[in-house]
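So the structure is just underneath, and the comments pick up after that.
Residue numbering restarts at 1 for every chain, and letters A, B, ... go by the order of the sequence lines.
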Number of protein chains: 2
Amino acid sequence: MKTGYREVKQALLNRLRAGEWPPGAIMPGEVQLAKEFACARVTVNRAIRELADEGIVRRRRRRGTEVLGDRGRQARLTLHQARQQVVGRGQVYAYRCLSQRRLVAGAGLAQRLEIPAGSALRALRCLHLADEQPFQLETRWICVKAVPEAAEQDFAAEPPGEWLMRLKPLSEAEHRIQAAAARPPEAARLQMATGAPLFVLQRRTWWRGDPVTWARLLHPGDAYELVVRDGV
Amino acid sequence: MKTGYREVKQALLNRLRAGEWPPGAIMPGEVQLAKEFACARVTVNRAIRELADEGIVRRRRRRGTEVLGDRGRQARLTLHQARQQVVGRGQVYAYRCLSQRRLVAGAGLAQRLEIPAGSALRALRCLHLADEQPFQLETRWICVKAVPEAAEQDFAAEPPGEWLMRLKPLSEAEHRIQAAAARPPEAARLQMATGAPLFVLQRRTWWRGDPVTWARLLHPGDAYELVVRDGV
DNA sequence: AAGTGGTCTAGACCACCTT
DNA sequence: AGGTGGTCTAGACCACTTG
């Protein structure tokens, strides 16, 4: 039975949990650990690299592997399209495009999207339903420059999120999560009371550095939660 | 100049972005790619393994590497203690313990914490302030069985989150994020109107499988947002 | 049965940073 | 200047799953 990187990693984790190397301490070097575990240095390297990826230690050349202390909790979040979320709940999904327009960016939009004023945009407002009930209200802008196909695309049948995911997968993204009070038009669309809490997810994406889209996704606060299982 | 795993990964990403291998397709095997890039198989392996870690492809023995299509967006979230968040904003942090009690779990609490009814608990209510303003209202239960030191600890001076992080680092966690309406006592503590939106983060943690703590962290919705940069 | 990914080894060179 | 981690290589064996 050989010593694999998983065992090495687990052994190191156990020692860390036991407080053998307190935060701030420098762990033994790879060569020494490899000798101790009777394995190749690469094996130790992979074990420790994963610990570093998980934010548990920090590695620096010449300095060694430092145990981190006040690191925050890390969690891995997966955000799905509305359709997948609804189907995953075992409900019936439906999509409705409320409006789709072409426009040019004014000063405000230009700043928010980080594009030049006057850029061509596609503006959308859509509703996603779960079992006929409003699930998500989507407001979205798409930069025609980054996605020329958007200029002529009809979004009456297909949600723009899914369309974009198909056309421009592997784009970079930034997300912001907030709680906000529903304003009258939003409340009406979502069939909730004005001022009631909304779960707000805003997403901006880039394709090779160029802004692609900006979306604001609203959920009724009493019927939505985001679950993030565990660290790393 | 040799071909490193970073270059291989980038090259593969570019081809994926270009649509060379659409979702559902099976990418060439490691041996073939290694030949093409004129590098060792392990180098290709590491490149593709990272793509798999990022949820872009799925690898299965004998079957090959499959390009995923409708995967959700993956994001890496880092959750810090209230103190770090406040200090990070450039504000002055203050902590106030509103109440700390000892009690035994009733049926409801026992179920929520997944512990036997009658277990000893520590119950806390704390307020975290930023520049004298309410920042976070914390309600927390700590299982004495998993953390015996909690029975006698005085939390008047130190936030329980920081204390636990020090005592039981590297615990597992589950997070839930919601938007909710402030109930009267919460609203009063946070100096906001009843019914106004709250950003709610609930966290449960385990230490080697045993439930450790359950915390409910409330932020005024109009003054808080969670930012998640990019995928992976 | 065969082919794919998963992992280990031993050795090597390099890049970087602290001393 | 020297020691640390970062990475590559070539070869090997294993584990799994499909045909």
Report which part of the nucleic acid B:Val31 touches: base, sugar-phosphate, or nothing (heavy-atom distance under 4.0 Å, all strands). nothing
Taking 4.0 angstrom as the limit, do A:Glu149 and A:Arg166 come out as a salt bridge? no
May I ask you to verify if any side-chain N or O of A:Asn45 is less than 4.0 angstrom from the OP1 or OP2 atom of D:dT7? no
By nearest-heavy-atom nucleotide on DNA chain C, the more 5' of A:Ala38 and A:Arg41 is A:Ala38
A:Leu33 has an atom CG; how far is it from atom C1' of D:dG5, in whole Å? 12 Å
Determine the minimum heavy-atom distance between B:Thr205 and B:Ala173, stating which atoms define it. CG2-CB, 4.0 Å
Would you mind reporting whether B:Asp53 and A:Asp53 have side-chain heavy atoms less than 4.5 Å apart? no
Residues touching DNA chain D, which here means a heavy atom under 4.0 Å, drawn from residues 16-27 of chain A: none
Hey, are the side chains of B:His219 and B:Phe135 touching, using non-hydrogen atoms and a 4.5 Å cut-off? yes
Note, A:Arg46 side chain near A:Arg49 side chain (heavy atom, < 4.5 Å): yes
Enclosure of A:Glu36 CD (heavy-atom neighbours >12, cutoff 6.0 Å): yes
Whole angstrom value for the distance that separates P of C:dT7 from CD of A:Glu7: 12 Å
Is it the case that over 12 heavy atoms from other parts of the model lie below 6.0 angstrom from the CD atom of A:Glu20? yes
With a 3.5 Å cut-off and no angle check, do the side chains of B:Asp154 and B:Gln100 form a donor-acceptor pair? yes
Enumerate all atom pairs, one protein N or O and one N or O from nucleotides 15-19 of chain D, separated by less than 3.5 Å.
residue, atom, partner, partner atom, Å
D:dA15, N3, B:Arg61, NE, 3.2

Between B:Thr65 and the options B:Arg60, B:Glu30, B:Arg59, the side-chain contact (heavy atoms from CB on, under 4.5 Å) test singles out B:Arg59
Between the side chains of B:Tyr95 and B:Glu162, is a donor N or O closer than 3.5 angstrom to an acceptor N or O? no
Does B:Thr43 make a side-chain N or O approach to OP1 or OP2 of D:dT9 shorter than 4.0 Å? yes
Could you pull out the closest heavy-atom pair between A:Trp141 and A:Leu121, with the gap in Å? CD1-CD1, 4.0 Å
Distance check: side-chain N/O of A:Thr65 vs OP1/OP2 of D:dG5, anything under 4.0 Å? yes
Taking five pairs at each end, how big is the angle between the two axes of the helix from C:dA1-D:dT18 to C:dT18-D:dA1, to 10°? 10°
Mind listing the closest non-hydrogen atom pair of B:Cys97 and B:Ala156 along with its distance? CB-CA, 3.9 Å
Against the side chain of A:Val42, the closest entry in C:dA10, C:dG5, C:dC8 is C:dA10
For D:dT7, take OP1 and OP2 only and decide whether either is under 4.0 Å from a side-chain N or O of B:Tyr5. yes
Euclidean distance, atom CD1 of residue A:Ile48 to atom C1' of D:dG6 [Å, nearest integer]: 12 Å
Atom CD of B:Glu66 and atom P of C:dG5: how far apart are they, to the nearest Å? 13 Å
Check this one for me: any side-chain N or O of B:Arg59 less than 4.0 Å away from OP1 or OP2 of C:dG6? yes
For B:Phe37 and D:dC8, give me the distance from atom CZ to atom C1', rounded to whole Å. 16 Å
Atom pair distance, as rounded to whole Å: CD in A:Glu30 and P in C:dG11: 17 Å
At 4.0 Å (heavy atoms only), tell me whether B:Arg58 reaches a base, stays on the sugar-phosphate, or touches nothing. nothing
From CZ of A:Arg49 over to C1' of D:dG5, roughly how many Å is that when rounded to an integer? 11 Å
Return the minimal non-hydrogen interatomic distance between A:Ala130 and A:Gln91, and the atom names on each side. CB-OE1, 3.3 Å
What's the NZ-C1' distance between B:Lys9 and D:dT7, to the nearest Å? 15 Å
Assign B:Arg46 to base, sugar-phosphate, or nothing according to its heavy-atom contacts below 4.0 angstrom with the strands shown. sugar-phosphate
